[in-house]
Structure formats: C-alpha cells, structure tokens
Amino acid sequence: MKTVIYPGTFDPITKGHSDIIERALRLFDYVIVAVAKNASKTPCFSQETRIELAQQVLAPLPNVKVCAFNGLLIDFAKQHNVRMVLRGLRVVSDFEYELQLTNANRRLLPDIETVFLTPAERYAFTSSSLVREIATYGGDTTQFVDPIVAEALKTVRKE
Ligand code: ADP
C-alpha cells in the first residue's frame with residue numbers, strides 16, 4: 001500500500017485541495033488528509049469543524065481518510081509509518097515556503113519525501129483565505145468550494 005500524508009490547515013477545504021487529492025489517488029493507494037490544529041494561524045473554523053467539512057466533502061472518494069494533526073509532521077508520519085508527504089504548488093510564490101518546509105522536515109527525518117502536485121489551472125488562484133474573504137462579505141463561494149462548505153461559510157459573514 002503506497003500511502004501519502006496531505007497536511008494542511010484546510011480552513012476550509014477548497015476545490016483546489018480536492019483536486020490535488022484526486023490527482024494523488026492516481027499515484028498513491030491511500031491519502032491521509034492531516035488537518036492541522038495550527039497554532040501559528042488563527043483559523044476561522046475550529047479543527048473539529050475543518051475535519052468534519054473535509055470528511056463530508058471527501059466522502060465520495062475511496063481510500064481517503066481525514067485525521068486530526070497536532071504537533072510536528074515528522075511525528076505524525078512516524079506514528080502512521082508513512083514517509084511520503086503531499087503538498088500543492090499553485091503559483092511561484094508558494095515555492096519558497098514549501099521548499100523551506102520540505103528541507104526542515106528532511107533535516108528532522110531524512111527518509112521523508114515530499115511530492116508536489118499542481119492543481120487544474122482553474123484552481124491555481126483558489127485559496128482558503130480568498131474563500132474566507134469572499135464569505136466574510138457575503139459573496140458566493142460555490143465556484144471555489146463544495147456546497148457543504150459554502151453553507152458553512154455563510155456563518156462567518158460579518159455584521
Ligand atoms: P497550510 O496552512 O499548511 O499551507 P493549506 O490548507 O492552506 O495549509 O494548504 C495545504 C496544502 O495545499 C499546501 O501545500 C497548499 O499549497 C496546497 N493548496 C492550497 N490550495 C490549493 C489549490 N488551490 N491548489 C493546489 N494546492 C493547494
């Protein structure tokens with residue numbers, strides 16, 4: 001079984017994330033979506049809600065499991081006995097941060113490998129933060145997220 005861990009904040013899960021997961025399922029037998037608590041960001045949705053939304057959105061996909069992830073990625077990888085990590089690359093500006101993260105993880109756990117996939121062009125500019133911004137001002141997010149997530153986003157509207 002070739003398994004890959006897809007870590008992230010998923011605040012909330014977007015069509016870009018789902019696109020990456022679907023592509024990964026062509027390369028791997030199993031994808032573990034690791035939803036980070038993320039102390040460095042202040043997420044809009046709680047970790048529990050982010051997990052629930054991801055579970056509902058990804059339910060039609062076989063061989064995908066959504067897990068909570070707190071702490072270091074290398075510890076999560078060791079616990080699950082997985083050495084492959086998946087990240088998405090959208091635009092050049094993602095690259096520097098992703099490279100830094102990858103190299104840090106490799107320093108900490110030398111046999112870990114990170115695989116980068118690019119989404120369909122139409123999702124290259126989709127991000128959770130953009131979606132949250134649109135939702136905050138009452139905009140329609142259905143182009144970017146699953147209807148389940150769009151519904152949940154209505155609760156974050158300002159005023
Ligand atoms: P993080 O806070 O760890 O960056 P995100 O949930 O924002 O968590 O993203 C998780 C991963 O998914 C990152 O590698 C990010 O680059 C990637 N990603 C996010 N949105 C997209 C998208 N639209 N297309 C492809 N990859 C994406």
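This is a predicted model, so every value here is computed, not measured. Remember, it's 1-based here, ligands and their atoms both numbered in the order they're listed.
In terms of hydrophobic clustering, with Ile, Leu, Val, Met, Phe, Trp and Tyr side chains grouped at heavy-atom distances under 4.5 Å, I21 and V57 are assigned to a common cluster. By the rule that hydrophobic residues join a cluster once side-chain heavy atoms approach within less than 4.5 Å of another member, I112 and M84 end up as members of separate clusters.
One distance of note links CG of D94 with CG of L101; it measures 11.5 Å at 0.5 Å rounding. With rounding to the nearest 0.5 Å, the separation of CD1 in I32 from OH in Y6 is 14.5 Å.
Among residues at least two apart or in separate chains, there is no salt bridge (charged side-chain N to carboxylate O under 4.0 Å, His left out) pair with a member in residues 54-79. Among pairs with a residue in residues 20-31, those fulfilling side chain to side chain donor-acceptor pair (under 3.5 Å) read D19-R23, at least two apart in sequence or across chains.
The residue F125 has no part lying near ligand 1, judged by heavy-atom distances below 4.0 Å. Under 4.0 Å from ligand 1, the heavy atoms of I20 that appear belong solely to its side chain. Residue contacts with ligand 1, taken as heavy atom pairs separated by less than 4.0 Å, involve R87 via backbone and side-chain atoms alike. Using a 4.0 Å cut-off between heavy atoms, P7 contacts ligand 1 through its backbone alone, with no side-chain atom that close.
Within a 6.0 Å radius of CZ in R106, no more than 12 heavy atoms belonging to other residues, nucleotides or ligands are found.
Considering backbone and side-chain N/O of G88, one or more are found under 3.5 Å from N/O of ligand 1. The N/O atoms of Y97, backbone and side chain alike, include none that comes under 3.5 Å of an N/O atom in ligand 1.
Nearest non-hydrogen protein atom to atom 19 (C) of ligand 1 is H17 NE2, 3.4 Å. From the protein, the heavy atom lying nearest to atom 1 (P) of ligand 1 is T9 OG1, 3.6 Å. Looking from atom 6 (O) of ligand 1 to the surrounding protein, the closest heavy atom is F10 N, 2.9 Å. Remark: minimum distance from atom 24 (N) of ligand 1 to any protein heavy atom is reached at P119 CG, 3.1 Å.
Taking 4.0 Å as the cut-off, Y6 counts as a neighbour of ligand 1 on heavy-atom distance.
Across the listed options R50, R90, R122, E98, R90 owns the non-hydrogen atom lying nearest to atom 20 (N) of ligand 1.
T14 and S127 make their closest contact through CG2-C, 4.2 Å (heavy atoms, listed as atom of the first residue, atom of the second, distance).
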